[in-house]
Amino acid sequence: MARLAQTAGLTDIQQEILSTVRDFVDKEILPVATELEHRDEYPQAIVDGLKELGLFGLMIPEEYGGLGESLLTYALCVEEIARGWMSVSGIINTHFIVAYMLKQHGTEEQKEYFLPRMAAGDVRGAFSMSEPGLGSDVSAITSKAVKDGDEYVLNGQKMWLTNGGTSTLVAVLVRSDERHPEGTAPHKSMTTFLVEKEPGFGEVRPGLTIPGKIDKMGYKGVDTTELIMDGLRIPANRVLGGVTGRGFYQMMDGVEVGRVNVAARGCGVAQRAFELGVRYAQQRHTFGKQIAQHQAIQFKLAEMATKVEAAHAMMVNAARKKDSGERNDLEAGMAKYLASEYCKEVVEDAFRIHGGYGFSKEYEIERLYREAPMLLIGEGTAEIQKMIIGRRLLEEYRFQG
């Protein structure tokens, strides 16, 4: 076995795409990732390279200028990219969630207007659900849209917007009371708006402000921001799908794709942590032999490799289920939960194998150790995933007494 986390049944095209991405990661990302991460610098040259490879159009249908590939192909590419630097995979994740939502739910006019430019990488997507006071409780959204003639006026504050500064298109979920009277269930009174803006910080269009980057423990390089709407006017033809009240369902559909993506990121980071751990264990000597020859280290390596394989298998299963057109919230929740937890554990074991050197910024494992925790909360915490899994299991195994 040359590498962990191999995937059976791939087509020649899928294998060629993955080989190309893997080479790009080895040559263009890994050599510079830690330096850029320590400077919290946006990886513009890497993003330009991904644009040249056509990665921004990977899942967009061919009729709109994309490659028309499956979620599985995308997830496997994300796994490879996260192995190089998790922040880069975050840059394309939010882009693809918005592209997927447009493909699945957009009007034909919206698809024709946005998707070709998104496939080319000329329009970069971001999406926004969270707010400062709600955490995982999407039903508590307070940002609001009020109809005014042929426009909607949006007000409110959004939080944890990945690609907030560099994106030029943001899918924003807000409450809209039009045709949804007081007392309507929260999930039936939400609407997704497609908000175009200029890249950068400050007031990026009238009524819309991106204050600046949030300083984070890890997941650096990619810009994470707030988004403030104060009298932001959006034309009615920028309601996703053309009808209000469907935003919650549209976003949840996109988040299922996002959860497969987070699982893939966890697999990629864990794969890299294993590579670093097994390599260091064969370079470092104690008591007259490689530490890899000590049984305690071999046990760690065995556990780490098994977790990498298990997480990869669940991620692939969740992607294939979504590609089949079936409901995959159970599989996506399980994959996201397991992959993020196993990633944290594999990274920590690799950190322990490095001993004191793992605490030094000269060693790559230090960066991974700060990056892994983000996966525990991104696209829904472990507790949210367990709620989803538990409810779905009770649906499937309902006792008839």
One thing to verify: whether [Y] and [X] come together as a salt bridge, which I'm taking to mean a side-chain N less than 4.0 angstrom from a carboxylate O.
| X | Y | value |
| --- | --- | --- |
| Glu79 | Arg83 | no |
| Glu395 | Arg327 | yes |
| Lys322 | Glu256 | yes |
| Asp349 | Lys300 | yes |

Say whether, by atom type as modelled, one donor and one acceptor occur between the side chain of [X] and the main chain of [Y] under 3.5 angstrom.
| X | Y | result |
| --- | --- | --- |
| Gln290 | Gln282 | yes |
| Asn328 | Ala318 | yes |
| Thr381 | Ile377 | no |
| Glu309 | Ala5 | yes |
| Gln110 | Gly241 | yes |
| Thr20 | Glu16 | yes |
| Lys344 | Ala339 | no |
| Asn155 | Gly231 | yes |

Seminar exercise, completed: Here the ring pair (Phe, Tyr, Trp, His ring centres under 6.0 Å) pairs for residues 251-282, sequence neighbours left out, are Tyr280-His354
Non-hydrogen side-chain atoms of [X] and [Y] separated by less than 4.5 Å:
| X | Y | value |
| --- | --- | --- |
| Arg259 | Val262 | no |
| Leu194 | Phe114 | yes |
| Leu240 | Gln250 | yes |
| Leu76 | Leu10 | yes |
| Leu276 | Val347 | no |
| Arg367 | Thr34 | yes |
| Thr224 | Leu161 | no |
| Ile17 | Gln14 | no |

Cut-off 3.5 Å, side chains only: do [X] and [Y] have a donor facing an acceptor?
| X | Y | result |
| --- | --- | --- |
| Glu198 | Thr168 | no |
| Thr286 | His294 | yes |
| His105 | Asp253 | yes |
| Thr191 | Ser176 | yes |
| Lys213 | Thr225 | no |

Quick one: closest heavy-atom pair of [X] and [Y], and the distance?
| X | Y | answer |
| --- | --- | --- |
| Ala270 | Val346 | O-CG1, 3.5 Å |
| Ala99 | Leu115 | O-CD2, 3.8 Å |
| Val260 | Ala319 | CG1-CB, 4.0 Å |
| Arg205 | Arg233 | NH2-O, 3.1 Å |
| Leu227 | Pro211 | N-CD, 4.5 Å |
| Ser167 | Val170 | OG-CG2, 3.7 Å |

When you look at [atom1] of [X], are more than 12 heavy atoms from neighbouring residues, nucleotides or ligands closer to it than 6.0 Å?
| X | atom1 | result |
| --- | --- | --- |
| Phe299 | CZ | no |
| Asp23 | CG | yes |
| Ile13 | CD1 | no |
| Lys216 | NZ | yes |
| Gln295 | CD | no |
| Glu362 | CD | no |

Seminar exercise, completed: Exactly one candidate in Ser143, Ser189, Ser128 meets side-chain contact (heavy atoms from CB on, under 4.5 Å) with Val174; the answer is Ser143
Exercise. What residue among Asn261, Val21, Leu58 forms side-chain contact (heavy atoms from CB on, under 4.5 Å) with Val78?
Worked result: Asn261
Exercise. Which is it for Met101 and Met251 under the side chain to side chain contact (heavy atoms under 4.5 Å, CB included) test, yes or no, and what are the steps along the way?
Worked result: CA-CA 7 Å; Met101 289 168 60; Met251 280 282 182; 3.8 Å; yes
[atom1] of [X] to [atom2] of [Y]: how many Å apart, nearest 0.5 Å?
| X | Y | atom1 | atom2 | result |
| --- | --- | --- | --- | --- |
| Cys77 | Leu50 | SG | CG | 10.0 Å |
| Cys267 | Leu4 | SG | CG | 11.0 Å |
| Ser70 | Asp323 | OG | CG | 4.5 Å |
| Leu208 | Ile234 | CG | CD1 | 7.5 Å |
| Met334 | Lys336 | CE | NZ | 14.5 Å |

Exercise. Which of parallel (below 30°), tilted (30 to 60°) and perpendicular (above 60°) describes Phe359 and Phe351?
Worked result: perpendicular
Anything under 3.5 Å between a donor and an acceptor, one on a side chain of residues 35-44, the other on a protein residue two or more places apart or in another chain? List them.
{"residue": "Glu35", "atom": "OE2", "partner": "Arg39", "partner atom": "NH1", "Å": "2.6"}
{"residue": "Glu37", "atom": "OE1", "partner": "Arg370", "partner atom": "NH2", "Å": "2.8"}
{"residue": "Glu37", "atom": "OE2", "partner": "Arg370", "partner atom": "NH1", "Å": "2.8"}
{"residue": "Glu37", "atom": "OE2", "partner": "Arg370", "partner atom": "NH2", "Å": "3.3"}
{"residue": "His38", "atom": "NE2", "partner": "Glu366", "partner atom": "OE1", "Å": "3.3"}
{"residue": "Arg39", "atom": "NE", "partner": "Glu41", "partner atom": "OE1", "Å": "2.8"}
{"residue": "Arg39", "atom": "NH2", "partner": "Glu41", "partner atom": "OE1", "Å": "2.7"}
{"residue": "Asp40", "atom": "OD1", "partner": "Gly221", "partner atom": "N", "Å": "2.7"}
{"residue": "Gln44", "atom": "NE2", "partner": "Asp48", "partner atom": "OD1", "Å": "2.9"}

Assess [X] against [Y]: is NZ or CZ under 6.0 Å from the centre of the six-membered ring, and within 45 degrees of the ring's axis?
| X | Y | value |
| --- | --- | --- |
| Lys307 | Tyr342 | yes |
| Arg238 | Tyr113 | yes |
| Arg124 | Phe56 | yes |

For this session: Would you please name every residue forming a salt bridge (charged side-chain N to carboxylate O under 4.0 Å, His left out) with Glu226, sequence neighbours left out?
Result: none
Problem set entry | Given Lys158, Arg175, Lys144, the one that forms salt bridge (Lys or Arg N to Asp or Glu O under 4.0 Å) with Glu131 | Lys158
